[in-house]
Amino acid sequence: MDSTRMEHQLGPGKILSTGFASPTWVSRLAPLILTLAVVSQFVFQQASAADDNRLQLLASSRFGTVSPFERAALDAIATGGEVNPQLLSTAGAEPSSLNEPVTFRAEVLEWLLTNPDTQALLPLRGVKLVGVTITGQLDLSYATVKVPTALINCLLPDGIDFNHASLVELSLTGSKISRLNGDGSRISRDLLLSYGFVSSGEVRLHGAIVGGNLDASDAQFLHRSPDAIFADKLRVEGNLLLRYGFEAKNRVSLARATILGDFDCEQGSFSNSGGVALNAGGLTIGGDMLFTEAEVSGELQLSTASISGSLEASRARLLAAGGVALRAYAVSIKGDCRLADATLAGHVILEGADIGRDLSFADAFLFDQGEPPTVTLHNASITRRFRWTGIKTELEASPILDVRSATATILLDDAASWPRTNQLLLQGFHYTALHDDAPTDVASRIDWLRRQPANRFRPQPYDQLASVFVANGQPEAAREVLVSKEIDRGRMQRLSFGEQLWYSLFGPMIGYGYEPWNAFFSITAVILLGAAIFQIGAWAGLMTATKEAECVYENQVTEPQLSQNYPKFNALVYSLDVFTPLTYLHQADYWMPNPTAGKMLKLGPWTIYWGDLLRTYMWFHVMAGWTLTSLFVAGITGLVQH
């Protein structure tokens with residue numbers, strides 16, 4: 001570019017300063033720069049070729065004979081290329097017409113990954129073999145591999161052993177192996193046993209540490225004894241993924257393992273009929289445990305596990321008919337525990353569980369070989385809502401629900417899901433409120449309480465329900481529950497004669513102390529009845545004055561005449577005075593039924609006068625007064641509410 005043109009572009013009087021004497025000098029330097037670039041590229045290619053040749057020379061020196069495929073593979077590895085039989089050629093042959101089988105010796109691969117001389121020649125992206133058969137056992141035990149290793153769609157008939165090894169990353173995606181032993185290993189990044197991976201033997205990862213994800217999605221673990229996967233005390237600092245077609249034909253053991261991310265088993269399959277299919281006892285999960293649409297044929301063991309997120313098992317199938325489908329003693333779940341729309345064949349044990357939010361069995365299907373399955377929440381703690389709605393069962397096998405000593409803030413249930421009589425265990429169950437969508441009428445709730453076993457009376461569930469009604473501003477409903485408590489106590493307990501009198505006669509008169517005004521109505525009725533009877537007796541001449549000193553005798557007549565100051569007989573006042581022990585109305589002391597007055601009745605060998613019958617009734621009237629008055633006083637003072 002001449003100076004005139006540069007001035008035109010930069011503006012009048014502005015010439016680009018380059019630090020050189022003139023633009024012509026720059027144009028003379030360009031061929032030299034191009035020459036240096038060509039030379040550098042040539043030198044780099046020569047160095048790479050030298051590395052390729054060096055790997056081949058080292059391999060020949062170590063193993064003697066190296067197959068054409070192994071030489072081609074070493075060339076591809078040295079240049080960072082992919083070792084793929086479909087892409088490689090040897091000695092000018094087409095990729096698909098190699099003269100020898102596509103095999104790579106395990107001992108060559110071990111040497112390549114672990115020898116200090118070869119490690120210096122490996123590319124940072126690592127070693128990747130695709131569709132290759134690895135002959136012999138790949139033994140990386142106690143070794144340190146400094147680059148990622150990927151064996152994709154490979155066949156390892158003798159398996160791989162990397163116990164107590166230190167690896168950057170290991171991918172066996174799509175590979176078929178006979179066994180895998182990674183006990184005590186440390187993998188800095190991911191361990192991938194996924195998408196077509198198949199193991200016919202046991203996979204061991206006991207005490208292993210995986211710094212990234214452990215992905216076994218869409219993988220098959222076919223070993224049947226003793227474990228398909230044995231990974232007790234495994235530590236995964238990312239996610240553990242056993243999902244989307246994952247299949248284990250025997251027990252998967254993750255006891256006391258630690259997963260800092262999610263444990264995702266969505267649409268996975270675990271099978272060990274008659275035994276434990278997944279042993280996650282003591283497992284620690286930093287995220288969620290996801291079992292959506294998973295199938296577990298055998299026991300799912302989660303006892304003492306700790307889950308920082310939620311346990312999501314909606315639409316899961318936990319099948320252990322005749323045994324325990326879910327065993328989760330003392331499990332700790334900080335979020336929700338959802339078994340909504342799940343199929344649960346066998347017992348479900350959440351005894352002592354600590355659930356930070358909701359526990360839901362909404363629309364779950366529970367059955368157990370024609371017998372009632374048991375759902376045990378004994379001593380469980382549910383911080384928010386316990387949902388038991390839409391429960392489906394097999395034939396007439398209603399589940400047994402055990403919530404003894406459990407706690408929940410809100411109870412959401414429906415009458416159709418309640419267990420049958422004798423199959424609901426409520427003793428010690430504490431809840432703060434009934435959900436608006438739950439049955440809240442007192443009759444339904446009393447029916448719910450009466451589904452408890454009838455072999456022993458338990459008062460606490462009645463008191464708990466009554467306290468919930470009181471808190472909800474329904475004192476009348478609370479009293480009705482407490483009265484039902486006493487009725488059921490009298491019906492279910494073995495009673496002495498005195499207790500039988502109380503529960504069958506006196507208790508109902510005052511609502512067992514919870515409705516004392518019932519006695520007032522009884523008192524009123526007896527007083528009015530007595531007034532009528534005593535008035536009839538007075539008309540019949542059966543009432544006699546008792547104070548003769550205050551009577552007047554006129555003309556020597558034997559029948560006394562009452563003085564004007566003598567209290568006149570008043571049937572209502574007399575009935576009240578005789579009935580109530582705390583009153584003095586000047587009637588009971590001045591008038592008395594005459595036992596010899598009135599007509600005489602013959603009752604067999606006995607002779608009875610109407611006046612005698614009236615006096616007998618008076619005694620009954622007095623006793624009824626003492627009894628009902630005492631009950632009324634005791635009721636309103638709360639002395640008999642126990």
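- Looking at every heavy atom in both residues, I382 comes nearest to R385 through CG2-O, 3.5 Å.
- The two residues S444 and P439 make their nearest non-hydrogen contact at CB-CB, 4.2 Å.
- Annotation: side chain of D117 is in contact with side chain of L58 (closest heavy-atom distance under 4.5 Å).
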Side chain to side chain contact (heavy atoms under 4.5 Å, CB included) assessment of V132 paired with T103: CA-CA 6 Å; V132 176; T103 61; 5.9 Å; no
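- To the nearest 0.5 angstrom, T149 atom OG1 is 7.0 Å from L140 atom CG.
- Between K128 and E82 there is a salt bridge, since at least one side-chain N of the basic residue sits less than 4.0 Å from a carboxylate O of the acidic one.
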Chi angles and distances behind the ring pair (Phe, Tyr, Trp, His ring centres under 6.0 Å) call for Y431, F429: CA-CA 7 Å; Y431 50 99; F429 180 37; 5.1 Å; yes
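- A donor-acceptor pair shorter than 3.5 Å can be found between the side chains of D75 and Q56.
- Rounding to the nearest 0.5 Å places CG of D336 at 6.0 Å from CZ of R384.
- Looking only at atom types and distance, the side chain of R387 has a donor-acceptor partner in the side chain of T389 under 3.5 Å away.
- Not one N or O on the side chain of N163 forms a donor-acceptor pair closer than 3.5 Å with the backbone of G184.
- Here the closest heavy-atom approach between residue A320 and residue E299 is recorded as CB-N, 4.4 Å.
- Using a distance-only test at 3.5 Å, with no hydrogens or angles considered, no donor-acceptor pair links the side chain of N239 to the main chain of L241.
- Within a 6.0 Å radius of NZ in K176, more than 12 heavy atoms belonging to other residues, nucleotides or ligands are found.
- Counting heavy atoms from C-beta outward, F263 and L283 have side chains that approach closer than 4.5 Å.
- The shortest distance between side-chain heavy atoms of L121 and R54 falls below 4.5 Å.
- Residues V375 and I400 fail the side-chain proximity criterion, which asks for heavy atoms closer than 4.5 Å.
- With E70 contributing its side chain and S67 its backbone, the two residues share a donor-acceptor pair below 3.5 Å.
- Using modelled atom types and a 3.5 Å distance limit, the side chains of S171 and T173 yield a donor-acceptor pair.
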Salt bridge (Lys or Arg N to Asp or Glu O under 4.0 Å) evaluation trace for D341 with R315: CA-CA 5 Å; D341 204 23; R315 300 182 300 283; 5.5 Å; no
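- Of the possible donor and acceptor atoms, one in the side chain of S308 sits under 3.5 Å from a partner among the backbone N and O of I285.
- Between the side chain of Q301 and the main chain of S303, a donor-acceptor pair closer than 3.5 Å is present.
- Within the 3.5 Å criterion, the main-chain N or O of L151 finds a donor-acceptor partner in the side chain of S175.
- Closest of all the heavy-atom pairs between Q460 and Q427 is OE1-C, 3.7 Å.
- A side-chain N or O of E312 and one of S314 form a donor-acceptor pair less than 3.5 Å apart.
- The backbone N or O of A255 lies less than 3.5 Å from a partner atom in the side chain of D232, making a donor-acceptor pair.
- Minimum heavy-atom separation, G346 to P373: O-CB, 3.7 Å.
- Outside the 6.0 Å centre-distance limit, the rings of Y142 and F162 are not counted as a close aromatic pair.
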Test side chain to side chain contact (heavy atoms under 4.5 Å, CB included) applied to L359 and L377, step by step: CA-CA 10 Å; L359 170 61; L377 300 176; 3.8 Å; yes
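- Side-chain atoms of W418 and L401, non-hydrogen and from C-beta on, never get closer than 4.5 Å to each other.
- Geometrically, R105 engages F63 in a cation-pi contact, judged by NZ or CZ lying under 6.0 Å from the ring centre and within 45° of the ring axis.
- Under the 3.5 Å distance criterion, the side-chain polar atoms of D227 are left unmatched by any main-chain donor or acceptor of I229.
- To the nearest 0.5 Å, atom CG of residue L156 and atom CZ of residue R179 are 11.5 Å apart.
- Between L326 and the choices L300, V331, I349, the side chain to side chain contact (heavy atoms under 4.5 Å, CB included) rule is met once, by L300.
- Without hydrogens or angle criteria, N279 side chain to G281 main chain gives a donor-acceptor distance under 3.5 Å.
- Between V127 and L109, the closest side-chain pair of non-hydrogen atoms falls below 4.5 Å.
- The distance from the CZ atom of R451 to the CG atom of L426 is 11.0 Å, given to the nearest 0.5 Å.
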Stepwise side chain to side chain contact (heavy atoms under 4.5 Å, CB included) check, V168 with I187: CA-CA 5 Å; V168 174; I187 302 172; over 6 Å; no
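- For Q119 (side chain) and T144 (main-chain N/O), a donor-acceptor pair under 3.5 Å exists by modelled atom type.
- Partners of D161 under the salt bridge (Lys or Arg N to Asp or Glu O under 4.0 Å) rule, at least two apart in sequence or in another chain, do not exist in this structure.
- Rounded to the nearest 0.5 angstrom, I391 CD1 and L366 CG are separated by 5.5 Å.
- Considering every non-hydrogen atom in both G159 and S178, the closest pair reads N-OG, 3.1 Å.
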Stepwise side-chain hydrogen bond (donor to acceptor under 3.5 Å, both in side chains) test for S360 and D358: CA-CA 6 Å; S360 175; D358 293 351; over 6 Å; no
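- Under the 4.5 Å side-chain criterion, counting only non-hydrogen atoms from C-beta, D215 is in contact with Y195.
- Ring pair Y244/F246: centre-to-centre distance not below 6.0 Å.
- Put simply, CZ on R317 and CG on L344 are 10.5 Å apart, with the number rounded to the nearest 0.5 Å.
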Criterion salt bridge (Lys or Arg N to Asp or Glu O under 4.0 Å) on D413 and R445, from CA distance to verdict: CA-CA 11 Å; D413 58 4; R445 280 296 157 188; 2.5 Å; yes
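- Side-chain contact between F270 and F221: absent, with no pair of heavy atoms (C-beta onward) separated by less than 4.5 Å.
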Test log, rule side chain to side chain contact (heavy atoms under 4.5 Å, CB included), inputs V252 and F230: CA-CA 6 Å; V252 175; F230 182 75; over 6 Å; no
